[in-house]
There are 2 protein chains.
Amino acid sequence: MPKIGMEPVRRKALVDAALRVIGDQGTLSVTMSDIARTAGVSPALAHHYFGSKEQLLIATIRSLLAQLRDDAVAALQAAATPRERLSALIRVSFRAEQFAPETIAAWLAFYSEAQRSEDVRRLLVIYARRLRSNLLASLRLLCAFDDAERIAEGAAAMIDGLYIRQSLRSAPISIEASIALTEDYVNAHLRATDGGSSPSP
Amino acid sequence: MPKIGMEPVRRKALVDAALRVIGDQGTLSVTMSDIARTAGVSPALAHHYFGSKEQLLIATIRSLLAQLRDDAVAALQAAATPRERLSALIRVSFRAEQFAPETIAAWLAFYSEAQRSEDVRRLLVIYARRLRSNLLASLRLLCAFDDAERIAEGAAAMIDGLYIRQSLRSAPISIEASIALTEDYVNAHLRATDGGSSPSP
DNA sequence: TATTTTTGATTGACTCATCAATCAACAAAA
DNA sequence: TTTTGTTGATTGATGAGTCAATCAAAAATA
C-alpha cells in the first residue's frame, strides 16, 4: 500500500473528514479517532501530518474559507453591473452546500471556538471582513458613501442572522426566501437613500 | 456552617456561576469543578443539587431565557403605541448586559450545543419564537399581514446577526449603532409597504 | 538485472491527564 | 435522632499525544 506522495492526499482526506464529522456532531469536541476513522486512516497518522488537533481544525477552517472565496470570485466574475454583483454576493452566501444543516453546524462550532482560539478568531474575522468589503465595493457605486457603509453592515448582519436562525431548524426558511429577505433589505435602502440609481460623485 | 434552606441559594449561585464561567471561557466544555469553585462550593454539591452537568446547563439556559423574558415584559408594559412597543423590543435585545462579550459567548456556546441536545434546542426555539411573535404582534397593527411576517423575520435575523458579528470583536458595533440599524430596517420597510401608518383592516 | 539501502507511510500499543459521577462520612440544625 | 447540607476521596471512562516498530516503494549499488 505505502505509495509515495500520499501526504497531500491524506491531508485533504483528513480535512474533509474533519469538516464532515464536525458538521454531523455539531461540535469541535470530536475525537481525532472519529476524524481519522472517517478519513480511513489511523489516529496516529492524523497526528503525524497535522501535529495536533488544533492544527487540523485550523486547516479545516482554512479550507472552508478558501471554498467560500473561490465561489465568491466566480460569482463576481459572472456579474456585469454593480447591482448584479451585489445580488451575486447574496446568492453565493446562501449556496445550497453552505446553507446545509451540517455546514451551518460547523460554522457555529467555529464561531464558538473563536472565543478561545486567537487563530480561529483571526480566520473568521477574515471571512467577516471579506463579506463586508465585497458588499461595500458594489454598494459604493450605487449610493452615497455613508449609506453604503450602513447598508453593507446591515446586509452582512442579516446574512449571518439568517444562518444562525437556520441552525435551530424550527420554521426553517428556504434558500429563496432568505435571498429575497436580503434583497428586499438592500432594495428598500437603496430606494430610501436616493432616487434609485445615482451613485455618489 | 450548614444552615437550613440553602438549596435555593446554592442553586442560584451555581447557575450564576455556570453562566459566568461559560461566558468567560466561551464554551460549554467547562468543568463542574470550575463552576463549583466559582460558586464557592465543592463539585460534589453541584452534582447533589443538579444531578448532572447537563441538567445544570439546562437550568442555566432557562435562567438566561427567563431574564430576557422579564426584560421584554417590562419594556413592553412601559410602551404605549404599537410602534413604541416595536422599538422597545429592539432596545431590549441590545441591552448592555445582553450585548456584553461574555453573554454573547455564552449564547453562541448554547446554540452550538443545540445541535446535539434536543433539550437545549427546544429552549432556544422558545426564544426565537418569542422574539418573532412579539415583533409580529406589534407589526400586524402597523402594516399588512404578509408584510408583518416578512419584516418580523428580517428584523429577528438582523438582531441575531448583529449578535454573532459582535462575537468576533473586529470592528465592534456600538449598542446605539445596532439599534439604529435595526430601526432603519423596520422603518424602511414600513415606509415601503404602505404610506406609513395604515394598519391592515 | 539483481541486491541492498534508504526513506516515506502507517499503525498498535501505551502514557498521561482530565473530568463527570459516586459514595461514604461528617457537621449542624430541628 | 432524624434530616439537611457538605465535602474529600475515589472510580471509571475518555481522549490527545507519543513512540518504536513495520512495510513497501524507490533509489543506489553491484
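Letters go in sequence order (proteins before strands), and every chain restarts at 1. As the structure is a computational prediction, the values presented were derived from the model and not from experiment. FYI, side chains are in, hydrogens and waters are out, and symmetry mates aren't considered; it's all heavy atoms of this structure.
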Original post:
Taking 4.0 angstrom as the limit, do A/Glu118 and A/Arg121 come out as a salt bridge?
Top reply: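 Salt bridge flag = yes for A/Arg121 with A/Glu118.
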
**OP:** Measure from CZ on B/Arg11 to C1' on D/dG5 and round the result to the nearest Å.
**Re:**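 These atoms are roughly 14 Å apart.
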
Original post:
Would you call the rings of B/Trp107 and B/Tyr111 parallel, tilted or perpendicular, where under 30° means parallel and over 60° means perpendicular?
Top reply: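 Plane angle between 30° and 60°, so tilted.
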
Original post:
A/Asp34 has an atom CG; how far is it from atom C1' of D/dT14, in whole Å?
Top reply: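 The answer, rounded to whole Å, is 12 Å.
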
Original post:
Roughly how far, to the nearest 0.5 Å, is the CZ atom of A/Phe145 from the CG atom of A/Leu136?
Top reply: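 So the gap between those two atoms works out to 6.5 Å.
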
Subject >> N-O pairing of A/Glu149 and A/Arg132 below 4.0 Å >> reply: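 Yes.
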
**OP:** Determine the contact category for B/Val9: base if any of its heavy atoms lies under 4.0 Å from a base atom, sugar-phosphate if only primed atoms, P, OP1 or OP2 are that close, otherwise nothing.
**Re:** nothing

**OP:** Can you tell me the distance, in whole Å, between the OH atom of B/Tyr49 and the C1' atom of D/dT6?
**Re:**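 The distance from OH of B/Tyr49 to C1' of D/dT6 comes to 8 Å, rounded to the nearest Å.
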
Subject >> Side chain of B/Met6 (C-beta onward), nearest among C/dA20, D/dG5, D/dA16 >> reply: D/dG5

Original post:
Which of these passes side-chain contact (heavy atoms from CB on, under 4.5 Å) with B/Arg122: B/Val125, B/Asp119, B/Val120?
Top reply: B/Asp119

Original post:
Which parts of residues 17-24 of chain B get close to DNA chain D, meaning a heavy atom less than 4.0 angstrom away?
Top reply: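 Within residues 17-24 of chain B, no residue comes under 4.0 Å of DNA chain D.
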
**OP:** Report yes if the side chains of B/Gln77 and B/Val73 come closer than 4.5 Å at any heavy-atom pair, otherwise no.
**Re:** yes

Original post:
Hey, can you pull the residues of residues 37-48 of chain B with a non-hydrogen atom under 4.0 angstrom from DNA chain C?
Top reply: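 Hits under 4.0 Å, by residue number: B/Ala44, B/His47.
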
**OP:** Please determine if A/Glu7 and A/Arg10 form a salt bridge, counting it only when a charged side-chain N lies under 4.0 Å from a carboxylate O.
**Re:** no

Subject >> Pairwise distance CG(B/Asn187) to CD1(B/Ile151) - rounded to 0.5 angstrom >> reply: 10.0 Å

**OP:** For DNA chain D, find the residues of residues 108-124 of chain A with a heavy-atom distance under 4.0 Å and give them by number; none if there aren't any.
**Re:**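 DNA chain D contact set from residues 108-124 of chain A: none.
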
Subject >> Separation between CZ of A/Arg91 and CD1 of A/Ile179, rounded to the nearest 0.5 Å >> reply: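 Going from the CZ atom of A/Arg91 to the CD1 atom of A/Ile179 covers 7.0 Å.
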
Subject >> Length of the line joining B/Leu57:CG and C/dA21:P, which is rounded to integer Å >> reply: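 Rounding to the nearest Å, CG of B/Leu57 and P of C/dA21 are 10 Å apart.
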
**OP:** Scan A/Phe50 against the nucleic acid and name what it touches under 4.0 Å (heavy atoms): base, sugar-phosphate only, or nothing.
**Re:** nothing

Subject >> side-chain hydrogen bond (donor to acceptor under 3.5 Å, both in side chains) against B/Arg20, all qualifying residues, sequence neighbours excluded >> reply: none

Original post:
What integer distance in Å separates A/Gln55:CD from D/dA16:P?
Top reply: 15 Å

Original post:
Would you call the rings of B/Phe99 and B/Tyr163 parallel, tilted or perpendicular if under 30° counts as parallel and over 60° as perpendicular?
Top reply: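 Correct class here is perpendicular.
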
Original post:
For A/Lys53 and D/dG15, what is the distance between atoms NZ and P respectively, to the nearest whole Å?
Top reply: 9 Å

Original post:
Listed by chain and number, what are the side-chain contact (heavy atoms from CB on, under 4.5 Å) partners of B/Ala109, not counting sequence neighbours?
Top reply: A/Ser112, B/Ile22, B/Leu28

**OP:** Mark yes when over 12 heavy atoms from residues, nucleotides or ligands other than A/Arg169 sit less than 6.0 Å from its CZ; otherwise mark no.
**Re:** yes

Original post:
Taking five pairs at each end, how big is the angle between the two axes of the helix from C/dT1-D/dA30 to C/dA30-D/dT1, to 10°?
Top reply: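 Roughly 10° between the end axes, to the nearest 10°.
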
**OP:** Give the rounded distance in Å between these two atoms: CG of B/Leu56 and C1' of C/dA21.
**Re:**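 Checked: the CG to C1' distance equals 14 Å.
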
Original post:
Considering only C/dT10, C/dA21, D/dG17, which nucleotide approaches the side chain of B/Ser52 most closely?
Top reply: C/dA21

Original post:
Is there a side-chain polar atom (N or O) of A/Arg10 under 4.0 Å from OP1 or OP2 of C/dG8?
Top reply: no

**OP:** Give a yes or no on whether A/Arg130 atom CZ has more than 12 heavy-atom contacts from other residues, nucleotides or ligands under 6.0 Å away.
**Re:**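 Atom CZ in A/Arg130 is crowded, with more than 12 foreign heavy atoms closer than 6.0 Å.
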
Subject >> Rounded distance in Å - CD (B/Gln25) to C1' (C/dC19) >> reply: 13 Å

